[in-house]
Trainee: 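Take a look at the following structure, please.
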Amino acid sequence: MEMIEFLQHTNLRNLKCNVKSMVKDRLRSIHDDLNERRSLLRCNLEYENLRYSEELALFMKNRIEEAARKRVQWFGIQRMQREHNKDKFLQLKALQREMENCEATRHWQSKALLLDTKEAQLHQIKEKEAMRQREKQIELIWEDVTRRYFEEKAKQDVVETKLIKTIAGINQNINIKNYECQRKNNKVAEQATREQFAKEDMFHTLMNGSHLARRKVAERNKKLFQQKELTEQITENQIIRWKNKKVLFDEEVKIMENCNSEILNNQQEEEKRKIQDSVWQEYYINHVKEEKERKREESKQFELKFSGTGCVLKQQNKKPYNKSAR
Amino acid sequence: MAFNRRLSFIAEWYQEEAAIIRTFTICFFPTGNAIEVYDQQHKRTFLRRTKMPELSERDFFIGSKINIFGRQFDIVDYADDITKNTLDKYRKKTFLLLKNICIQQLGPLLCALIDSNFSINRALMVQFTPEQVKQFLSNKRNVEASSMLMNQLIGGPSMGFEVIADNAVQKMKLCKEQSKECSNDNTVAALVTLFEREETRIGIYCPQDEEEAEQDLNFFFNPKNGLQATLRLKNSTLGIIKPHCIKDGNLGRIISEITSNGFKITGLRMNLMERVNCEEFFEVYRGILPEYIPMVAQLASGVSLALEIVAADENKNSYEEFRQFCGPMDPEIAKMLRPHTLRAKFGVSKTLNAVHCTDLPDDTILELQYIFKILD
């Protein structure tokens, strides 16, 4: 105990420790204060929440009750309305039945119905009558129209025939005039031609003699000229034909010469080739002979070299021994 | 061609373990919302082409912070000329100042901005001191307007926004002036309608050109200038509008709901929280809620809007009132029991429940200080 007291005492003496402890105390007090505030706030908020939840519950309860009350009220009102409507309907139905059962009403009804039917029939009759009258009127109008049309047509025919006649009369006079005029003109023209023909005959008889003499001379000259031309042409043709013949002959000669020289050349070449071939063949035969001789010599020497040594020098090829081979 | 369109950016990631800044090239493929990360130092692919449906083309601009699987990448530059030419030409930042006199119009203003295709990137609610106002107005050309603006700014807290859109400065200027060019443009119809009222025109300040917008943004969002988020820390509570709601474009509507249901906004800050900070922020939920990890992931997935909320009726407890207004954590229960609450209207699931509100009465100051002071 004394020790603790001593330590505390020394701590307070030290300035640094004193400040530290003061800060510590202050922080602790702030923390405590904050905790206190927090607890207060918590209480406050919890209380408020409780209050609000209570209020909300009450509010909801009131709302539900109100809704239930309203629903019940609505049902009651609806039931009352329905009952009222039903009563009203029954009353009306009863009245209707009563009215239906009543003799006077029925009589009045049938009477009213009959009256209505009659009125309707009357109306129909009137309507039909009006229709018929209208049709009649239309028919009359049509009759009037056709009559008027035929009358007009007859009048038009009369006028037309009259007009045709007048036009025909006028035309007759014009035609007669034209015909007479034409006859006069024809006569004048005929006379003029006849006079002209007479004049021409006269002229021809005068001109005929001199004209015939001139024509004979001209024909004779023409014949002479033609004969001369023909002889000239014949000579020319003969010359040309001779020239052509000469040319053809020259060409034939040339061709013959060419052919002969060609044949000669061919024969010479053939000769040359034959000579050359026989030389080559002879050379080749000699060569083959020499070759064969050399080979024979070589094999002879080879056998001589190995004779008596027992070496098998040549292996003979196998020979087939099947049926076809035999 | 359109299928292979890609945007390339140079991004930086601060590696805590080594305490160094590493540079990467991030390629975003708008077709299919896919992303690819290339490590420039080691010359190799750091993350191969991966689909990330929560990201969109609007999230990529210089100065934005992209959260990829828990890592926060700061986009610092364009990586190629094509991206530069396509984005730098049109996507412009501008500054918007909502003065104290018009602070009730915050919801409608945000709605109109979102409807007119403006992305809200940063926001801060501040109270100017006379010196700060002088410094802020030192570069303004219009002296008369500046003096009026000075009085209005000293009068009460103001909200500043960094908004991004195609030709943002020009569009905002034309809408405010109610020019004919804007009245024919259907995309900014909501803004034109908003600026129809004179009090809105007076209550909102926007810079006249890009240079001025750049200066204003630098002044307003640079912590060195001494502008600090307003914070009451008295009968107030924290509300965070989660990133999924901001991405869905419900920000304006949620703000409108809050302001029209008996609450006042006394502090506002919009930024991207890092995963470590989110974990630290939700530390108290660790071990209490089973959705702790998805909750952290959701908060770190994009920009979120933190609000200091005070009940308009001083006698009411802001914490209690706002918590009731947010509704149960689970949007499904909320839809049944409290259909008029924020989570019932905008929530999707237990994690994507639109809004975070302080759950412990004693934690309100702690959480507010963490978001507005410690993260600064």
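Remember, predicted model here, so these are calculated numbers, not experimental data. First the proteins, then the strands, lettered A, B, ... as listed; each starts at 1.
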Trainee: Test B/Phe322 against every option in B/Asn317, B/Thr364, B/Val355, B/Val310 by the side chain to side chain contact (heavy atoms under 4.5 Å, CB included) rule and name the one that passes.
Mentor: B/Val355
Trainee: Can you tell which part of B/Arg338 gets under 4.5 Å to a heavy atom of chain A, answering side chain, backbone, both or neither?
Mentor: side chain
Trainee: Mind checking whether B/Glu257 and B/Lys345 have side chains closer than 4.5 Å, heavy atoms only?
Mentor: yes
Trainee: Looking at A/Thr105 and A/Asn101, would you say the former's side chain and the latter's main chain have a donor-acceptor pair under 3.5 Å?
Mentor: no
Trainee: Please tell me if the side chains of B/Phe73 and B/Ile68 come closer than 4.5 Å, counting only heavy atoms from C-beta onward.
Mentor: yes
Trainee: Examine whether an atom of A/Phe59 lies under 4.5 Å from a heavy atom of chain B, and if so say whether it belongs to the side chain, the backbone or both; otherwise answer neither.
Mentor: side chain
Trainee: Centres of the B/Phe346 and B/His244 rings: under 6.0 Å?
Mentor: no
Trainee: Is A/Glu55 close to chain B through its backbone or its side chain, or both, or neither, when contacts mean heavy atoms under 4.5 Å?
Mentor: both
Trainee: Between A/Leu40, A/Leu34, A/Leu41, which shows the greatest number of heavy-atom pairs under 4.5 Å with chain B?
Mentor: A/Leu41
Trainee: Tell me, for B/Asp363 versus chain A, whether the close heavy atoms (under 4.5 Å) come from the side chain, the backbone, both or neither.
Mentor: side chain
